[in-house]
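To start, the structure itself, in structure tokens.
Throughout, numbering of the chain's residues begins at 1 and tracks the sequence.
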Amino acid sequence: MFNKFMFDVGREGSVIRELNDFGKQRAKSLGKDYVFDFSIGDPCVPAPHKVQKTIAALAEDPDTISIHGYTSAHGLDETREAVSRGIQRRFDFRLPSELIYMTCGASAALAISINALCESGDEFILCAPYFTEYPVYVKAAGGTPISVPFTQNFDIDLDAMEAAITPRTKAVIVNSPNNPSGKIYSQTLIEKLSALLERKSEQLKTHIYIISDEPYRELAYDGATVPYIPLYYANTVVCYSYSKTLSLPGERIGYVAVSPKAYMCRELFCAIQGAGRALGYVCAPALAQRVVAKCEDAAPDLAAYAQNRKLMYDGLIAAGFECAPPDGAFYILMKAPDGDSKALSLRARDLGLLIVPGDDFAAKGYCRVAYCVDKGRILRSLPLFKTLREYY
């Protein structure tokens with residue numbers, strides 16, 4: 001009677017969203033002071049002043065029909081041109097505006113890109129740990145997700161990657177800074193990955209793409225730099241979101257950008273437009289597109305995130321937990337003392353601490369802690385984390 005795959009996805013739900021909804025209900029019944037929600041990556045810093053000022057000005061524009069009306073399916077020319085200029089300015093890489101497709105955030109960008117590339121029997125390699133929805137997007141497109149494990153320090157295991165590549169491999173999904181680990185893949189690692197994919201593509205007489213998922217690109221600490229993958233690998237599709245950079249997650253604005261060096265880049269972009277049409281992702285939010293056009297160069301307040309990162313990491317270590325030190329994004333992976341991350345998440349929930357078990361991230365034995373909350377909430381939560389550790 002129903003699509004079984006869609007039914008199963010809806011019934012299972014997202015563990016992140018379920019915890020977040022639980023926290024909202026608990027806050028209603030017990031009060032916000034009894035809930036310490038570290039489940040979801042919702043920015044805690046306000047949007048940059050330039051963004052807020054631009055939104056206010058657009059809202060006051062008397063020509064509301066133009067402001068809120070439909071845009072072209074691929075997005076406003078002025079927005080795509082602003083994105084193109086931003087890429088040129090930051091990375092010294094020319095990516096023409098006609099190869100940029102505006103989307104409803106990075107999730108839509110990923111779903112569109114995967115559907116555009118996927119043919120029957122194709123495999124998509126996921127670099128663990130990875131965002132929980134990657135397998136859903138791949139399966140919904142008719143592809144097969146292949147998980148490649150991480151190394152001890154949460155890098156990509158290149159030996160395992162090579163072993164996983166087959167003639168059916170269509171793309172590798174890379175996420176750096178990484179959700180959930182906060183890991184930034186180094187330039188050396190990206191160069192080695194690129195060389196491996198080039199060699200395997202030639203050997204197998206195929207074209208393997210990288211889908212670079214980049215919603216956390218600007219959230220990098222201690223002077224860390226995030227390699228821009230199109231500089232190192234020709235067959236790259238970039239999926240970007242302004243949710244974290246501009247603190248606009250609910251406005252759902254991002255883009256897909258096809259490298260002009262990619263194999264059959266124009267045809268691939270045509271397939272991306274077709275996937276957007278087939279999935280119903282046409283005309284990303286018009287107001288948000290206009291904000292991006294005027295604020296593409298706005299930067300997030302890294303100081304608040306950096307302070308939270310130190311407080312949370314140092315506090316968890318002091319409580320006796322083993323954690324992976326994050327380079328970027330706003331997540332920490334905390335190791336379950338007995339290896340059972342689901343049990344750890346349930347015990348934490350009893351204390352009012354909402355942390356996400358890592359199983360769906362392909363990080364079994366770890367829980368993800370999102371520190372994009374106000375500083376006071378972190379400080380008040382640390383004694384509870386100490387109590388949690390005492391269970392073991």
Side-chain angles (χ1 to χ4, degrees), residues 5 9 95 99-101 103 106-150 156-176 178 185 189-214 229-230 232-240 254-279 281 362:
F5 171 75
V9 169
L95 205 155
L99 291 178
I100 295 168
Y101 185 94
T103 66
S107 292
L110 287 162
I112 287 170
S113 299
I114 292 167
N115 275 269
L117 287 167
C118 189
E119 298 176 279
S120 179
D122 279 348
E123 297 172 348
F124 289 75
I125 293 178
L126 316 181
C127 304
Y130 49 74
F131 180 47
T132 58
E133 302 305 281
Y134 289 173
V136 175
Y137 302 151
V138 171
K139 290 176 184 177
T144 302
I146 306 295
S147 181
V148 167
F150 49 85
I156 300 170
D157 187 329
L158 293 178
D159 290 335
M161 172 74 70
E162 181 164 11
I165 294 173
T166 75
R168 297 182 297 278
T169 301
K170 178 57 67 73
V172 176
I173 303 180
V174 175
N175 174 218
S176 174
N178 181 262
Y185 298 140
L189 179 63
I190 296 301
E191 288 173 341
K192 288 181 178 179
L193 173 63
S194 300
L196 169 61
L197 297 183
E198 287 170 1
R199 176 166 55 82
K200 295 300 288 187
S201 293
E202 184 176 353
Q203 178 186 343
L204 298 172
K205 301 292 190 290
T206 187
H207 300 277
I208 302 172
Y209 290 84
I210 288 180
I211 299 175
S212 183
D213 181 23
E214 304 187 355
I229 294 180
Y232 305 97
Y233 190 68
N235 289 332
T236 298
V237 177
V238 174
C239 296
Y240 187 84
Y255 64 78
V256 178
V258 178
S259 170
K261 298 179 181 180
Y263 176 70
M264 297 183 70
C265 65
R266 302 284 171 176
E267 291 80 358
L268 174 54
F269 186 78
C270 187
I272 283 169
Q273 292 188 103
R277 177 186 176 189
L279 294 169
Y281 287 132

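- For the atom pair CD (Gln203) and CD (Glu162), the distance works out to 7.5 Å, reported to the nearest 0.5 Å.
- No more than 12 heavy atoms of other residues, nucleotides or ligands sit less than 6.0 Å from atom CZ of Arg277.
- Taking the side-chain hydrogen bond (donor to acceptor under 3.5 Å, both in side chains) definition, one finds that Gln273 meets it with His74, sequence neighbours left out.
- Between the CG atom in Leu189 and the OG atom in Ser176 there is a gap of 8.5 Å [rounded to 0.5 Å].
- The CD1 atom of Ile229 sits 11.0 Å away from atom CD1 of Ile211, with the distance rounded to the nearest 0.5 Å.
- With respect to Tyr233, the side-chain contact (heavy atoms from CB on, under 4.5 Å) criterion is satisfied by exactly one of Ile190, Val172, Ile208: Ile208.
- A pairwise comparison of heavy atoms in Phe150 and Ala128 identifies CB-O, 3.1 Å as the closest pair.
- Between atom CD of residue Glu191 and atom OH of residue Tyr232 there is a gap of 6.0 Å, rounded to the nearest 0.5 Å.
- Remark: the backbone N or O of Cys118 is not paired with any side-chain donor or acceptor of Asp122 at under 3.5 angstrom.
- Asn178 pairs with exactly one of Tyr185, Tyr130, Phe131 by the side-chain contact (heavy atoms from CB on, under 4.5 Å) rule, that one being Tyr185.
- Residues Leu204 and Thr169 form no side-chain contact, since every pair of their non-hydrogen atoms from C-beta on lies 4.5 Å or further apart.
- Taking every heavy atom of both residues into account, Ala164 and Glu123 meet most closely at O-OE1, 4.4 Å.
- Here the closest non-hydrogen pair linking Pro149 and Asp157 is O-CB, 3.2 Å.
- Taking the side chain as every heavy atom from C-beta outward, Ile146 and Ile165 never approach each other to under 4.5 Å.
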Can you list, pair by pair, the side-chain donor-acceptor contacts under 3.5 Å of residues 255-270, counting residues two or more places apart and other chains?
{"unit_1": "Ser259", "atom_1": "OG", "unit_2": "Ala234", "atom_2": "O", "d": "3.4"}
{"unit_1": "Ser259", "atom_1": "OG", "unit_2": "Lys261", "atom_2": "N", "d": "3.1"}

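- Across Ala111 and Leu279, no two heavy atoms sit closer than the pair O-CD1, 3.9 Å.
- Here Ile173 contributes atom CD1 and Ile210 contributes atom CD1; the two are 11.5 Å apart, rounded to the nearest 0.5 Å.
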Residue pair Lys200, Leu197: steps toward the side chain to side chain contact (heavy atoms under 4.5 Å, CB included) verdict: CA-CA 5 Å; Lys200 295 300 288 187; Leu197 297 183; 5.6 Å; no
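- Atom CD of Glu202 has 12 or fewer neighbouring heavy atoms from other residues, nucleotides or ligands inside a 6.0 Å radius.
- A donor-acceptor pair under 3.5 Å is absent between the side-chain atoms of Ser113 and the main chain of Leu110, judged by distance alone.
- Among residue pairs with one or both ends in residues 134-146, those qualifying as side chain to side chain donor-acceptor pair (under 3.5 Å) are Ser107-Tyr137, Tyr134-Asp213; sequence neighbours excluded.
- Taking every heavy atom of both residues into account, Pro145 and Val138 meet most closely at N-CG1, 3.6 Å.
- Shown here for Ala109 and Thr103, the closest heavy-atom pair between the two residues is CB-OG1, 3.7 Å.
- When atom types are taken as modelled, the side chain of Lys170 and the backbone of Leu117 share a donor-acceptor pair closer than 3.5 angstrom.
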